[in-house]
Student: 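Once you've had a glance at the structure underneath, I'll fire off some questions.
Note that these values count all heavy atoms, side chains included, but never hydrogens, waters or copies made by symmetry. Read the numbers this way: they start at 1 and go in the same order the structure lists the ligands and their atoms. The model shown is predicted, which means the values in this text are computed figures rather than measured ones.
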Amino acid sequence: MTVSSAPGKLYLFGEHAVVYGEPAVACAIDRRARVTAEVRGDDRLRVESRDLTLDGFTVEYDGDAGDEMDVDVPTPLVEAAMGYVEGAVEQARDAADAPDAGLDLIVESDIPLGGGLSSSAAVIAATIDAASRELGVDLPPGDLADRAYRVEHDVQDGQASRTDTFCSTVGGAVRVEGEDCRRLGDPPNLPFVVGYDGGAGDTGELVAGVRELREEYDFAADTVRAIGDLVRRGERALAAGDVGTVGRLMDFDHGLLSALGVSARSLDAMVWAAREAGADGAKLTSAGGGGCIVALDDSRATRTALKYTPDCETAFRAELDREGVRAEE
Ligand code: MEV
């Protein structure tokens with residue numbers, strides 16, 4: 001039996017624009033997906049989910065994710081989750097040159113599913129790592145990140161940047177620009193507060209919406225480029241440990257993302273609650289449409305304000321997690 005975990009992440013700056021080659025900066029956070037893998041005697045795959053935000057379900061199948069599902073959560077989310085797990089197992093089988101290996105997997109996660117904290121990337125990275133080690137292969141981080149990206153890319157019909165999978169694999173703060181993925185050296189510990197509306201956006205639809213706007217209007221393409229400029233400034237502020245400027249740029253980024261149509265009433269309500277509570281900055285994180293916002297505040301004020309915001313289901317503090325995928329006992 002082999003167990004691996006991988007962190008979720010949030011975007012400090014640059015989501016959506018990163019899909020068009022602009023840079024993005026993201027931070028792994030101390031919320032993890034944990035996957036237990038055990039070889040079985042046949043060639044089947046059995047997946048048991050104990051996701052805290054996805055009521056438990058078990059699927060046993062031989063390649064058809066529709067088999068024997070008994071769930072009480074929206075089917076598209078489950079199908080997407082199964083697509084990620086199945087793709088990750090294929091990568092592990094390929095790495096171990098064991099195309100017919102059967103596996104029992106248990107997936108546990110304290111990252112809200114589809115809420116913008118990269119639950120899928122964390123599950124993919126932890127699954128590839130646990131399953132490949134269980135099959136006798138230790139993948140180096142670069143190879144693991146690459147394989148994780150291929151899974152997300154396929155499930156999301158080619159509409160994924162490398163940010164989520166790279167960040168979940170290597171941990172810490174990362175910068176991604178096209179194929180160029182790197183860890184940022186010694187980032188400051190930012191006082192993250194996350195607000196979660198209990199929902200999820202449809203990444204594919206949201207990415208397609210931005211693509212259409214960008215093709216139709218020059219000023220939408222300019223907005224995407226402006227996000228890239230903002231990210232470059234944000235990187236400098238982050239390197240200087242200038243939390244005030246990082247926060248101001250997060251506010252600005254939220255405005256630009258709203259202009260691109262990817263915010264939501266619940267996300268705006270949480271962002272404004274955080275700002276009014278005195279946060280240094282607040283923005284949606286990842287695809288948008290619903291899910292999570294991230295604010296910077298080292299006092300309790302933002303968390304308290306979010307708890308009293310009707311659109312916020314839960315609010316919590318998050319720490320930068322400097323560790324990516326790791327083997328667990
Ligand atoms: C989704 O987590 C973030 C997007 O930028 C898409 C991507 O980077 O893959 C919207």
Side-chain angles (χ1 to χ4, degrees), residues 6-29 31 33 76-77 80-81 83-84 87 109 111-125 145-146 148-170 173-182 194 196-197 199-214 220-221 223-228 230-231 234 250 253-254 256-264 267 283-294 318:
K9 68 129 229 327
L10 46 81
Y11 267 96
L12 207 47
F13 316 110
E15 53 272 83
H16 283 286
V18 70
V19 174
Y20 307 101
E22 300 294 343
V25 173
C27 297
I29 57 167
R31 292 223 152 201
L77 276 185
Y84 292 125
S109 173
I111 310 165
L113 190 75
L117 299 181
S118 292
S119 50
S120 51
V123 167
I124 294 168
D146 213 49
Y149 170 66
R150 271 184 258 159
V151 175
E152 195 160 79
H153 183 270
D154 288 351
V155 177
Q156 289 178 202
D157 291 331
Q159 308 215 68
S161 73
R162 291 179 177 265
T163 321
D164 295 15
T165 42
F166 182 70
C167 193
S168 275
T169 304
V170 303
V174 305
R175 179 192 198 275
V176 172
E177 185 170 3
E179 308 244 309
D180 179 26
C181 303
R182 52 185 77 180
V194 176
Y196 174 42
D197 69 4
D202 181 325
T203 302
E205 255 175 41
L206 290 151
V207 170
V210 172
R211 187 180 301 279
E212 276 163 30
L213 275 181
R214 193 173 158 269
T223 304
V224 169
R225 276 191 290 274
I227 292 177
L230 182 152
V231 176
M250 287 168 68
D253 199 4
H254 182 77
L256 296 173
L257 289 164
S258 298
L260 292 174
V262 299
S263 192
L267 299 177
K283 63 181 278 291
L284 66 84
T285 177
S286 294
C292 292
I293 64 127
V294 54

Student: Any chance you could lay out the side chain to side chain contact (heavy atoms under 4.5 Å, CB included) test for Val210 and His16, step after step, and finish with the verdict?
Tutor: CA-CA 8 Å; Val210 172; His16 283 286; 3.7 Å; yes
Student: Would you compute the distance between atom NZ of Lys9 and atom OG of Ser168 and round it to the nearest 0.5 angstrom?
Tutor: 7.0 Å
Student: Protein residues near ligand 1, heavy-atom distance below 4.0 Å?
Tutor: Tyr11, Glu15, His16, Val18, Val19, Gln159, Ala160, Ser161, Asp164, Val207, Ser286, Ala287
Student: Under 4.0 Å between a Lys/Arg side-chain N and an Asp/Glu carboxylate O for Arg162 and Asp180?
Tutor: no
Student: When you check the gap from the basic side-chain N to the acidic O, do Glu22 and Arg225 get nearer than 4.0 Å?
Tutor: no
Student: Can you tell whether the side chains of Arg150 and Asp146 come within less than 4.0 Å, N to carboxylate O?
Tutor: yes
Student: Is the shortest side-chain N to carboxylate O distance from Glu212 to Arg214 below 4.0 Å?
Tutor: no
